[in-house]
Amino acid sequence: MTQIIGYACINTHLKKVGITTNRGVRKVTLNRTGNQLISQLALQNSKDLHTIIKWNADNNIRMFRISSDLFPWGNKVDITQLPDYTEIRAVLESAGKLARECGQRLSAHPGPFNLLASPKERVIQDTIADLELHSQMFDMLGLECSPYNKINIHIGATYGDKETAIRTWIQNYHKLSDNCRSRLTIENDDKASMFSVRELYDMVHTKIGIPIVFDYHHHRFCSGGLSEQEALELAMSTWPIGIVPAVHYSESKALHENDSKIRPQAHSDYLSNMVNTYGHEIHIMLECKMKEDALLKYRQDFLEKKLL
DNA sequence: ATAGGTCAAGCGAGG
DNA sequence: CCTCGCTTGACCTAT
């Protein structure tokens with residue numbers, strides 16, 4: 001069985017030759033230059049996304065996370081009004097088509113500032129704008145309106161009261177567009193005080209049916225009393241029939257390096273262990289600092305060598 | 001040309 | 001109170 005594994009946002013090999021989807025601009029510069037610069041950066045980022053997707057295809061990589069930085073300040077401006085919008089749209093359409101043709105599963109993981117449970121109205125509005133931007137990008141790429149192409153976020157905060165936080169979260173979830181909601185997934189947190197798979201299942205999934213992305217690494221910090229296998233299988237049970245559940249896998253940097261200053265939550269450069277799928281079919285997003293290089297090494301160490 | 005300081009956003013943990 | 005970590009380091013200025 002070929003294992004589908006993916007990597008996130010950055011291709012270190014291509015980055016060395018200037019290919020990146022993460023060009024941005026700081027506020028002070030933007031105030032000087034205006035939206036023209038945003039447009040140029042977004043166009044260049046989009047072209048490079050196409051290049052990365054092509055590279056993935058050529059290297060038989062069938063899962064990839066799109067950067068949330070593709071449109072700098074995209075959640076603050078109407079991207080359809082950018083001077084290069086038509087060209088950006090065409091480039092993304094072509095990139096998405098390429099991904100579909102080679103069965104490359106694309107997803108996104110909007111930043112930790114996306115907090116639908118916040119009691120602050122401004123935070124909610126910013127979150128909705130950012131999630132809708134991601135969904136808009138996915139629309140332009142021609143990606144499915146399903147968690148196959150997931151837009152994955154955390155609940156991310158409790159505000160001292162989990163019940164209230166979840167109630168708020170669900171209330172705001174319903175403010176999202178159909179397209180955005182249909183792609184949205186939630187992931188278990190990496191702090192003991194936050195949301196485990198068990199809690200996501202009981203408090204959120206049973207209410208609105210949203211799929212849960214199981215993160216192996218986070219589970220070690222917030223197990224909710226479940227074993228790894230139990231949490232994986234509970235998360236898997238939340239996915240619609242016909243869509244292979246996606247999971248996240250990473251290892252602690254602290255395990256690899258003897259430095260007490262490194263926090264256990266930090267991700268390692270490469271992986272030294274094979275993912276235990278417990279015999280299940282899952283698509284695995286590898287989160288390593290060395291990105292596609294870590295994926296290639298993982299494949300060589302654990303998937304190809306195994307055949308010998 | 002490169003290094004180092006700084007940078008949009010929220011929250012919680014640790015020092 | 002400040003820094004780190006998180007999705008993802010990258011921008012920008014001074015040397």
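All values below come from the heavy atoms of this structure, side chains included, with hydrogens, waters and symmetry mates left out. Every chain is numbered from 1, with letters handed out A, B, ... down the list of sequences.
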Colleague: What distance, rounded to whole Å, do you find between the two P atoms, one in B:dG4 and one in C:dC4?
Modeller: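 Approximately 16 Å lies between the P atom of B:dG4 and that of C:dC4.
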Colleague: Atom CG of A:Asp215 and atom P of C:dC6: how far apart are they, to the nearest Å?
Modeller: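 Whole-Å distance recorded here is 11 Å.
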Colleague: Would you please confirm or rule out a distance under 4.0 Å between OP1 or OP2 of C:dA10 and any side-chain N or O of A:Lys15?
Modeller: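 A:Lys15 to C:dA10 OP1/OP2: side-chain N or O found under 4.0 Å.
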Colleague: Is it true that A:His154 and A:His109 have ring centroids separated by less than 6.0 Å?
Modeller: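 A:His154 vs A:His109: aromatic centres under 6.0 Å.
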Colleague: Closest approach of A:Glu230 and A:Gly225, non-hydrogen atoms and distance?
Modeller: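 Residues A:Glu230 and A:Gly225, closest heavy atoms: OE1-O, 4.3 Å.
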Colleague: Pick the C1' atom in C:dA10 and in B:dC11, then give their distance to the nearest Å.
Modeller: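 Per the computed distance, 23 Å lies between those C1' atoms.
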Colleague: Do you know the tightest heavy-atom contact between A:Glu287 and A:His248?
Modeller: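 It is OE2-ND1, 3.3 Å.
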Colleague: Once you apply a heavy-atom cut-off of 4.0 Å, does A:His134 come out as touching a base, just sugar-phosphate, or nothing?
Modeller: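 No contact.
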Colleague: At under 4.0 Å between heavy atoms, what does A:Thr21 touch on the DNA or RNA strands: base, sugar-phosphate, or nothing?
Modeller: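 Touches nothing.
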Colleague: Check the pair A:Phe214, A:His218 against ring-ring contact (aromatic ring centres under 6.0 Å, His included), reporting the backbone distance first and the verdict last.
Modeller: CA-CA 8 Å; A:Phe214 177 61; A:His218 295 173; 9.6 Å; no
Colleague: Respond yes when some side-chain nitrogen or oxygen of A:Asn22 is under 4.0 Å from OP1 or OP2 of C:dT8, and no when none is.
Modeller: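 For C:dT8, OP1/OP2 do not have a side-chain N/O of A:Asn22 under 4.0 Å.
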Colleague: Please tell me whether A:His13 and A:Glu292 have a donor and an acceptor in their side chains that are separated by less than 3.5 angstrom.
Modeller: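 There is no such pair between these side chains.
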Colleague: With rounding to the closest Å, how many angstrom separate the P atoms on C:dC12 and B:dA9?
Modeller: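 Straight-line distance between the two P atoms is 16 Å.
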Colleague: Taking any heavy-atom pair under 4.0 Å as a contact, classify A:Thr127: base, sugar-phosphate, or nothing.
Modeller: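 No contact.
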Colleague: Using a cut-off of less than 4.0 Å, is there contact between a side-chain N or O of A:His154 and OP1 or OP2 of C:dC6?
Modeller: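 For C:dC6, neither OP1 nor OP2 has a side-chain N or O of A:His154 closer than 4.0 Å.
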Colleague: In residues 29-63 of chain A, which residues come under 4.0 Å of DNA chain C by heavy atom?
Modeller: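 A:Thr29, A:Arg32, in order of number.
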Colleague: Going by the rule side-chain contact (heavy atoms from CB on, under 4.5 Å), which residues pair with A:Lys207 if we only count those two or more places apart in sequence or in a different chain?
Modeller: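 Result, side-chain contact (heavy atoms from CB on, under 4.5 Å) vs A:Lys207: A:Ile170.
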Colleague: Stem finding on DNA chain C, please: runs of three or more consecutive Watson-Crick or G-U wobble pairs, both distances under 3.5 Å, sorted by first number.
Modeller: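 So the stems come out as B:1-7 with C:9-15, B:10-15 with C:1-6.
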Colleague: Over all heavy atoms of both residues, which pair between A:Ala157 and A:Ala117 is shortest? Give the atoms and the distance, please.
Modeller: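 Result for this residue pair: O-CB, 4.5 Å.
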Colleague: In whole Å, measure the gap between the C1' atoms of B:dT2 and C:dT8 for me.
Modeller: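 Their C1' atoms lie roughly 23 Å apart.
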Colleague: Any idea which of C:dT8, C:dC6, B:dA13 is nearest the A:Ser193 side chain?
Modeller: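 My answer, after comparing the listed nucleotides, is B:dA13.
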Colleague: So if I define the base as every atom that isn't primed, P, OP1 or OP2, how would nucleotides 1-10 of chain B read as a B/S/- string at a heavy-atom cutoff under 4.0 Å?
Modeller: ----BBBBBB
Colleague: Please name all residues satisfying ring-ring contact (aromatic ring centres under 6.0 Å, His included) with A:His205, sequence neighbours left out, ordered by chain then number.
Modeller: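 For A:His205, the residues satisfying ring-ring contact (aromatic ring centres under 6.0 Å, His included) (neighbours in sequence not counted) are A:Tyr201.
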Colleague: Pairing donors with acceptors under 3.5 angstrom, does anything connect the side chains of A:His219 and A:Glu228?
Modeller: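 A:Glu228 and A:His219 do not have a side-chain donor-acceptor pair below 3.5 Å.
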Colleague: Please state the P separation for the pair B:dA1 and C:dT7 - nearest whole angstrom.
Modeller: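 These two P atoms come out 36 Å apart once rounded.
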Colleague: Separation of A:Leu116 atom CG from B:dC11 atom P, in whole Å?
Modeller: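 Spelled out: CG on A:Leu116 to P on B:dC11 is 12 Å.
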Colleague: Name the atoms and distances for all side-chain donor-acceptor pairs under 3.5 Å in residues 234-244 of chain A, with sequence neighbours left out.
Modeller:
from: A:Ser237; atom 1: OG; to: A:Leu234; atom 2: O; distance (Å): 2.6
from: A:Thr238; atom 1: OG1; to: A:Ile212; atom 2: N; distance (Å): 2.8
from: A:Thr238; atom 1: OG1; to: A:Ala235; atom 2: O; distance (Å): 2.5
from: A:Trp239; atom 1: NE1; to: A:Ile212; atom 2: O; distance (Å): 2.8

Colleague: I want to check something: taking the side chain as every heavy atom from C-beta on, are A:Lys120 and A:Asp126 in contact at a cut-off of under 4.5 Å?
Modeller: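 No - every pair of side-chain heavy atoms lies 4.5 Å or more apart.
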